[in-house]
Peer 1: 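Questions regarding the structure given below will be posed in turn.
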Amino acid sequence: EQLGVGKVSEFAPQQLLSFDACVRCGRCEEACPANLSKMPYSPRDLVQRLRKTMVGGLVTGEMKPDAEIMGVAMTEEFPWYCTTCGACVVKCPAFVNPVDEVIDLRRYQLLTSGKMPKSVGDTMRNLERQGNPWGMPPENRMAWTEGLNVRELAPGQETDVLFFIGCAAAFDERNKKVARAFVKLMQKAGVDFAVLGFDETCCGETARRMGHEYIFQEFAKQNIEAFGKVKFKRIVTACPHCFNTLKNEYPQMGGMYEVLHYSELLSELDLTPTPSPERGGERITFHDSCYLGRYNNIYAEPRLLLDKAGVNRVEMARKGENSFCCGGGGGGMWMETDANTRINHRRLKDALDAKAEVVATACPYCMLMFDDAIRSKGLGEQVRVMDIAEVLAAKILV
């Protein structure tokens, strides 16, 4: 069985064609957050190394398509700088997708060679042993619901909206507050919702992006089995990574569902904020997360919610499909990075340049990456980060 790609000849024919289609224009480099943050990586460099290996004759010596890629055409660390943000894919005029190659190479490292960064191995152990990348005890998954009267579905029971919590909201203290705000908004609007409780496990997105396809498929099977035991019309989740996985990748495993990001659901609800005499207050800017925006084309709903709340909204220079990654995707949340090349520091500067006092997010990873950048730079009194659910709750739940 072939696990990942260790030789160029093991890539799919369409991928091999894409290596030759690369016109070396550099548009991907100009958009790549890792490259712009001075990391030793660029998507153009990745594709060109693979192309030269495919045709033979690297400058450093003769290469053949059946030669090992890792450690020869590139270092073992090279694929791990990519955040899988998709900015390179959006900009490529030849429709080359370096993200697919990155994940194939990572899969080979995890499942075949075993050569990977220590932080990756630690994250995989957490997933294997505790069922979540945080490594928290699974029995704590529902602790965030204390005092909220959240209904847990038993087999055979029914609800309109199934709230898929996700590991961040279940185990991270900062994101627990976001989940509680969202639940209170649904309760305020009278939404018929429930959760799976302890039958829910990690969606598997972290494992798949970091190359451990086996763990992803096992988690997907468990969740699909749990979904099959209850009845619901649609799934909602606050995490764009869970959202993208449940909506676009679970169908590969036979799980076909209507899946909403919580910004889509909140846009449907009749939630009236407390009226204010005029639009004003703190300057709030919205950060487009990669897996909500570029991967799923959801840009309008979060902004409409902020506007509905009557906040003083401003835009960063890089927004929409040109948004700059926070650095947390593709396993970046769990990777050790050099202090001088941290992507989240550069994205925070975009918010500061817009003179924002609050960065609004709609992704738990973005929340934590901004929070880390703010704290590490000692800017807590100048700027803070809030989820849009928290912004709305502050206006509505008074």
Side-chain angles (χ1 to χ4, degrees), residues 1-12 15 32-35 37-43 45-47 49-50 53 67-86 88 97-136 167-168 202-220 241 245 249 290-291 325-339 341-344 365 368-369 372:
E1 184 178 6
Q2 181 178 316
L3 302 173
V5 171
K7 303 173 182 178
V8 171
S9 58
E10 294 170 350
F11 281 112
Q15 290 174 295
C32 175
N35 180 65
S37 299
K38 310 301 181 185
M39 293 181 178
Y41 172 85
S42 94
D45 194 16
L46 170 75
V47 173
R49 289 183 189 210
L50 293 174
T53 305
E68 290 287 330
I69 296 172
M70 306 312 302
V72 182
M74 63 189 69
T75 65
E76 302 284 355
E77 297 80 19
F78 192 82
W80 296 99
Y81 294 110
C82 174
T83 66
T84 70
C85 74
C88 56
N97 188 342
V99 175
D100 286 348
E101 282 75 66
V102 163
I103 294 174
D104 280 335
L105 294 170
R106 291 178 176 183
R107 193 172 293 144
Y108 176 80
Q109 289 179 283
L110 262 76
L111 300 178
T112 301
S113 73
K115 296 178 180 179
M116 70 196 87
K118 180 181 180 300
S119 55
V120 176
D122 292 342
T123 304
M124 292 305 113
R125 275 191 294 275
N126 287 339
L127 286 165
E128 289 174 339
R129 295 174 181 176
Q130 303 289 6
N132 65 84
W134 265 264
M136 301 295 288
C167 298
C202 177
C203 70
E205 192 266 355
T206 294
R208 173 168 264 198
R209 292 300 178 275
M210 296 180 90
H212 209 311
E213 183 68 13
Y214 175 74
I215 292 179
F216 163 75
Q217 293 194 16
E218 286 301 306
F219 284 158
H241 298 268
T245 300
E249 299 182 357
C290 304
Y291 278 77
C325 180
C326 74
M333 262 288 300
W334 319 104
M335 299 288 291
E336 297 292 336
T337 54
D338 187 287
T341 62
R342 288 179 182 163
I343 294 170
N344 58 339
Y365 288 3
L368 294 175
M369 296 304 283
D372 173 77

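Everything numeric in this text was worked out from a predicted model, so none of it was measured.
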Peer 1: Using only atom types and a distance under 3.5 Å, with no angle test, would you say the side chain of Q15 pairs donor to acceptor with the backbone of A12?
Peer 2: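 The answer is yes, because a donor-acceptor pair under 3.5 Å joins these two groups.
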Peer 1: Is E10 close to D104 at the side-chain level, that is, under 4.5 Å between some pair of heavy atoms?
Peer 2: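 They are not in contact (no side-chain heavy atoms under 4.5 Å apart), so the answer is no.
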Peer 1: Once rounded to the nearest 0.5 Å, what's the spacing between atom CE of M116 and atom CD of E77?
Peer 2: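 Answer rounded to 0.5 Å: 12.5 Å.
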Peer 1: A cation-pi test, strictly: NZ or CZ of R208 under 6.0 Å from the centre of the six-membered ring of F219 and no more than 45 degrees from its axis. Yes or no?
Peer 2: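 Geometry flag: not set, cation outside 6.0 Å or 45°.
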Peer 1: To the nearest 0.5 Å, how far apart are OG1 in T337 and CD1 in I343?
Peer 2: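 Going from the OG1 atom of T337 to the CD1 atom of I343 covers 8.0 Å.
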Peer 1: Where do F216 and E249 land on the side-chain contact (heavy atoms from CB on, under 4.5 Å) test, with the steps shown first?
Peer 2: CA-CA 10 Å; F216 163 75; E249 299 182 357; 4.2 Å; yes
Peer 1: Do F11 and L105 have side-chain heavy atoms sitting under 4.5 Å apart?
Peer 2: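 A side-chain contact exists here, since the closest heavy-atom pair is under 4.5 Å.
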Peer 1: Under the salt bridge (Lys or Arg N to Asp or Glu O under 4.0 Å) test, which residues partner R125, sequence neighbours left out?
Peer 2: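 Here the qualifying residues are D122.
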Peer 1: Test side-chain contact (heavy atoms from CB on, under 4.5 Å) on L50 and E101 and set out the steps.
Peer 2: CA-CA 9 Å; L50 293 174; E101 282 75 66; 3.9 Å; yes
Peer 1: Identify the residue among K7, E68, K115 that makes a side-chain hydrogen bond (donor to acceptor under 3.5 Å, both in side chains) with Y108.
Peer 2: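 Exactly one pass, corresponding to E68.
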Peer 1: Hey, what's the ring geometry for Y41 with F78, parallel, tilted or perpendicular (30° and 60° as the breaks)?
Peer 2: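 Y41 vs F78 ring planes: tilted.
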Peer 1: When you look at E213 and L110, which way does the side-chain contact (heavy atoms from CB on, under 4.5 Å) test go after all the steps?
Peer 2: CA-CA 9 Å; E213 183 68 13; L110 262 76; over 6 Å; no
Peer 1: Enter the distance from L111:CG to M124:CE here, rounded to the nearest 0.5 Å.
Peer 2: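 The distance works out to 9.5 Å.
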Peer 1: What is the distance from atom CD1 of I103 to atom CE of M210, rounded to the nearest 0.5 Å?
Peer 2: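 Answer for the CD1-CE pair, I103 versus M210, is 11.5 Å.
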Peer 1: Tell me the closest heavy-atom pair linking T75 and M70, and the distance in Å.
Peer 2: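 Heavy atoms only, the tightest pair is O-CE, 3.2 Å.
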Peer 1: Can a side-chain donor-acceptor contact be found between R209 and Y291 if the only test is distance below 3.5 angstrom?
Peer 2: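 Yes, a side-chain donor-acceptor pair sits under 3.5 Å.
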Peer 1: Would you check if the side chain of N132 reaches a backbone N or O of C202 as a donor-acceptor pair within less than 3.5 Å?
Peer 2: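 Not a single qualifying donor-acceptor pair exists.
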Peer 1: Can you check side-chain contact (heavy atoms from CB on, under 4.5 Å) on H212 and T206, steps first, answer last?
Peer 2: CA-CA 9 Å; H212 209 311; T206 294; over 6 Å; no
Peer 1: With a 3.5 Å cut-off and no angle check, do the side chains of E128 and Y214 form a donor-acceptor pair?
Peer 2: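 No.
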Peer 1: Which atom names give the shortest non-hydrogen contact between E336 and S119, and what distance separates them?
Peer 2: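 Between these two residues, the closest heavy atoms are N-OG, 3.9 Å.
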Peer 1: If the condition is salt bridge (Lys or Arg N to Asp or Glu O under 4.0 Å), which residues does D100 pass it with, not counting sequence neighbours?
Peer 2: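 With sequence neighbours excluded, D100 shows a salt bridge (Lys or Arg N to Asp or Glu O under 4.0 Å) to no residue whatsoever.
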Peer 1: Is the backbone N or O of P33 less than 3.5 Å from a side-chain atom of S37, with the two atoms forming a donor-acceptor pair by type?
Peer 2: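 Confirmed, S37 side chain pairs with P33 backbone.
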Peer 1: Looking at Q109 and W80, what are the two nearest heavy atoms and their distance?
Peer 2: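 Where Q109 meets W80 most closely, the heavy atoms are OE1-NE1, 3.0 Å.
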Peer 1: Would you call D338 and R342 a salt bridge, using N to O less than 4.0 angstrom?
Peer 2: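 Looking at D338 and R342, the cut-off is not met.
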Peer 1: Looking at every heavy atom in both T341 and K38, which two are closest together, and how far apart are they?
Peer 2: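 It is CG2-O, 3.8 Å.
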Peer 1: For M333 and M369, work out which heavy atoms get closest and say how close.
Peer 2: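 Reported closest heavy-atom pair: SD-SD, 4.0 Å.
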Peer 1: For the backbone of L3 and the side chain of T112, can you confirm whether one donor and one acceptor N or O come within less than 3.5 Å of each other?
Peer 2: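 Here the side-chain-to-backbone pair exists.
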Peer 1: Using side-chain contact (heavy atoms from CB on, under 4.5 Å) as the criterion, point out the one residue from P79, C82, C88 that pairs with P98.
Peer 2: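 Only match with P98 under side-chain contact (heavy atoms from CB on, under 4.5 Å): C88.
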Peer 1: Roughly how far, to the nearest 0.5 Å, is NE2 of H241 from SG of C203?
Peer 2: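 These two atoms lie 9.5 Å from each other.
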Peer 1: Would you give the length of the straight line joining atom CG of L368 to atom SG of C326, rounded to the nearest 0.5 angstrom?
Peer 2: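 The SG atom of C326 is 9.0 Å from CG of L368, to the nearest 0.5 Å.
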Peer 1: Any idea which heavy atoms bring C325 and T83 closest together, and the distance?
Peer 2: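 For C325 and T83, the tightest heavy-atom pair comes out as SG-OG1, 3.4 Å.
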Peer 1: Apply side chain to side chain contact (heavy atoms under 4.5 Å, CB included) to N35 and list each qualifying residue two or more places apart in sequence or on a separate chain.
Peer 2: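 Only E29, C32, S42 meet the side chain to side chain contact (heavy atoms under 4.5 Å, CB included) criterion with N35.
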